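For reference, the structure is listed below as C-alpha cells.
Proteins come first, then strands; the chains are lettered A, B, ... in the order of their sequence lines, and each starts at number 1. Keep in mind the model is a prediction, meaning the values are calculated, not measured.
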Amino acid sequence: MAAKASRAAFGEALLELGATDERIVTVDADLSKSTMTAKFAKAYPSRAFNVGIAESTMIGMAAGLALTGRVPFACSFACFLVGRFETIRVSVAYTQAPVKLVGTHVGVAIGEDGYTQMGLEDIACIRALPNIPIVQPADELETRQAVAWAVGHPGPVYLRLTRQSLEPVHEDGYRFRFGLAEVLRPGHDVTIVASGGPLWNCLEAAERLAAQGVVAEVVNVATIKPLDEETILGSAGKTGRVVTVEDHGVHGGLGGAVAELLGEVMPTPLRRLGVTGFGESGDPRGLYAKHGLDPDGIAESVLKFLHR
Amino acid sequence: MARPDLARLQQLARECRVQILRMLTHAGSGHPGGSLSVADILVTLYFHRMRYDPARPGWEERDRLVLSKGHCVPAQYCCMARAGFFPESQLITLRKLGSPLQGHPDRVMLPGIEAATGSLGQGLSIAVGMALGLKLGGKAARVYCVVGDGEIQEGQVWEAAMSAPQLGQPAHALDNLCVIVDYNKIQLDDHVRNILDLEPLVDKWKSFGWPVLDIDGHDFAQIDKALDHAEAIKGKPTFVVAHTVKGKGVSFMEDEPEWHGKAPKPAEAIRAIGEILGDPLPAWAQAVVGEIERLEKR
C-alpha cells in the first residue's frame, strides 16, 4: 500500500461503509473538504449536514442524532473539535450519546498553518473524560478498520487522524483490535511506545539503533484509551526502559498515560518525547526534526537515555 | 388536538408548584424562581401535548423534551412523577447522594430525561439533532426544547438558531421542532435587561428565519394554541416567546432575582404553599406541610 493520510483513508472508509449502513450521517463545520467527508456528502447528500463554522452546534447536533438512532460522525480539525470541550463533556460524554468524534490535522505535522490549527492538547482533554475511548491509527489499513470498528461501537469515540501521509506499518491481513496494543518490532534493550504520525519514524529509528547494537522493541498503541496495560507492562518489564513518542504536547497524552501506568504499577525509567511549548509554522519535516520526532531525533534521544 | 381541560391543567400546575417547593426545601438548595416560572409550560407539555409512555421511557415514537435550562429540572421532575415515571415519594431525594434526581438533568440515571443539560446553551443543538434524526428515521414524533432567557446569551444558541430553519430542507425540514423560551426576564445576577438585554427578541429570531409566536406563558389556552400553531407550520421549526414571571405563584418570590437559586426555608415554603393552594389545604398538601415542619424541627 502507498503512503496515505489517515484522514484520506477515513474519508474513503466512510464512503464505503455508508453504502450499506443507512444510519451513518456526517456533521461538518465547513471543513468537509479537509476532513475528507466531502466524498460522503457528495454520495449521500441527504445524510450529510454542514452547520457552517459552528463546532459546538455540530457536536450537540451529533448528540441529538445519535440519541435518535443515527451513527453520526462529527468532524473537524482536532483543535477546533476538542476546543469545544465543554460541549463534548456534557452533550456527548455525560449524556452518553454515541457520537463518533473525528479530529483531523493533529500535531505539528500539519506544518505551515502554525499553532492555531494544530491539535496538540486533544488527547489530554479527551483522556480526562471517563467514557470516550481514543483511537489513533498509524496507517491506511489500520484507519479503515478503526472506522469500521467505530461504527459498531455502542458508545462515543474519539478518532485522531493526520493531515500528512503515513507510510504503511502493517502488512495485509493485519487486524485492528480495539483496546490492544501491538508489538510491531520485538526487542530487549528499550521499549519505544508510539502511535499515529511518528510511528513509522520509530521503526526507522529502531533500524538505526540496531546498527549501533541497541535492539529496541517498538509498540504501536492504536488505542490510547483504554490503554493496553498488559502489553506495555510486559514490554517494560522485559526491557526496563521506556520511551514514548507522539505528535502531541508532552503533557497528558500517550506519554502521560504510559507514565501514569508505570508510576502506579511498575516504576520504570521513562522518557517522553513530544511537542514542548507551542507549535509554529514551518515545513512538517523541519518541525519533526526540531521536536526530535524524526528518526534521527528519536534514535538520539534513546541513546542518550540509555547511556545517561 | 382536543381542547385542553383548563381547570385540570391549573390544578396540576398548583400541585407541581407545591412539589417544587417541597423538593427544594428538603434539598436545601436549588432554583425555585425559574422552576416556578416554567411550570405551566411543562404541565401543558406533559399533561396535554406530549406523547410518551412512562412504562417505556425509550419508546421510539415518543415526543422528546430537552430542558435546556437544566437548573429548573425540579419542575420537570414534578411532572414526571405525577405522570408515573417514578413515585412522588422519591421527589424529596432531589440532590441527595444516590438519587436519580440529580441537581441538573441526568439522562443515564433517570430514564425519561432525554439529555444531560445544565451547562447552558447546549440543549437547543441537541434538540436540533434529535429533530433531524427523527425525520431521517421516518418518525412522526415532535421535539420540544425549553430554553431560558438568560441562556440565550450563550453563543451556541445562536449557532443552532441559524442552523435549524435551514437544516434538512426540504425533505427533512425541522417542522417537528418547537423551541419555547421561558421569558421570565431574570438571570442569576440580576434582571436580564441589566446584564445583557435580549430585545428585540422576537425580531432577532424572525430574522434567523423562525416563525415566532409571542404569548403569555402562564395562560394555558395561549400555550396550547401556540403549540397547535407550531404543529401546523410546515417546513420550519417554531420559536415561542412565552412571557412568564420568575417565582410565579409565590408573592415574595415573584420577580425577585434573589430567588433564582436559593431554596426556601421550611417556614417560607409553608407560607408559599398556603399562597398557592389557599385555605384550607387539601389532605395531601397538609401531609407535605407536616413533612416540612418536621424538617424544621430536626
Pair A/E246, A/Q136: side-chain N/O donor-acceptor within cut-off below 3.5 Å = no
query = Between B/E61 and B/R51, is there a salt bridge with N-O shorter than 4.0 Å?
reply = no
ask   = Which one, B/Q166, B/Q156, B/E60, B/R64, leads in non-hydrogen pairs under 4.5 Å with chain A?
value = B/Q156
remark   = Cut-off 4.5 Å, heavy atoms of chain B, and the answer for A/V25 is side chain
ask   = For B/S163, is it the side chain, the backbone, both or neither that has a heavy atom under 4.5 Å from a heavy atom of chain A?
value = side chain
A/D247 side chain near A/V275 side chain, heavy-atom distance below 4.5 Å = yes
remark   = Counting heavy-atom pairs under 4.5 Å with chain B, the top scorer among A/E86, A/M58, A/R89 is A/E86
ask   = According to the interplanar angle, ranging from 0 to 90°, do the rings of A/H153 and A/F178 count as parallel (below 30°), tilted (30 to 60°) or perpendicular (above 60°)?
value = tilted
note = So, the part of B/E114 with a heavy atom under 4.5 Å from chain A: the answer is backbone
ask   = Donor-acceptor pair, A/R127 side chain versus A/G252 backbone, under 3.5 Å?
value = yes
remark   = Heaviest contributor of heavy-atom pairs below 4.5 Å to chain B, chosen from A/M61, A/R47, A/R23, is A/M61
ask   = Which residue out of A/T57, A/I53, A/T87, A/L67 racks up the most heavy-atom pairs below 4.5 Å with chain B?
value = A/T57
request  = Could you look at B/Q102 and say if it's the side chain, the backbone, both or neither that has a heavy atom under 4.5 Å from chain A?
outcome  = side chain
request  = Please work out which of the three classes, parallel, tilted or perpendicular, describes the rings of A/H105 and A/F77, given edges at 30° and 60°.
outcome  = parallel
query = Which bit of A/E55 comes within less than 4.5 Å of chain B, counting heavy atoms only: side chain, backbone, both or neither?
reply = backbone
ask   = In terms of heavy-atom pairs under 4.5 Å with chain A, which of B/G118, B/A160, B/A171 leads?
value = B/A160
remark   = Honestly, the part of B/L132 sitting under 4.5 Å from a heavy atom of chain A is both
ask   = How are the rings of B/H260 and B/H31 set to each other: parallel, tilted or perpendicular (split at 30° and 60°)?
value = perpendicular
task = Nearest 0.5 Å please: distance from the CD1 atom of B/I126 over to the OG1 atom of A/T95.
result = 5.0 Å
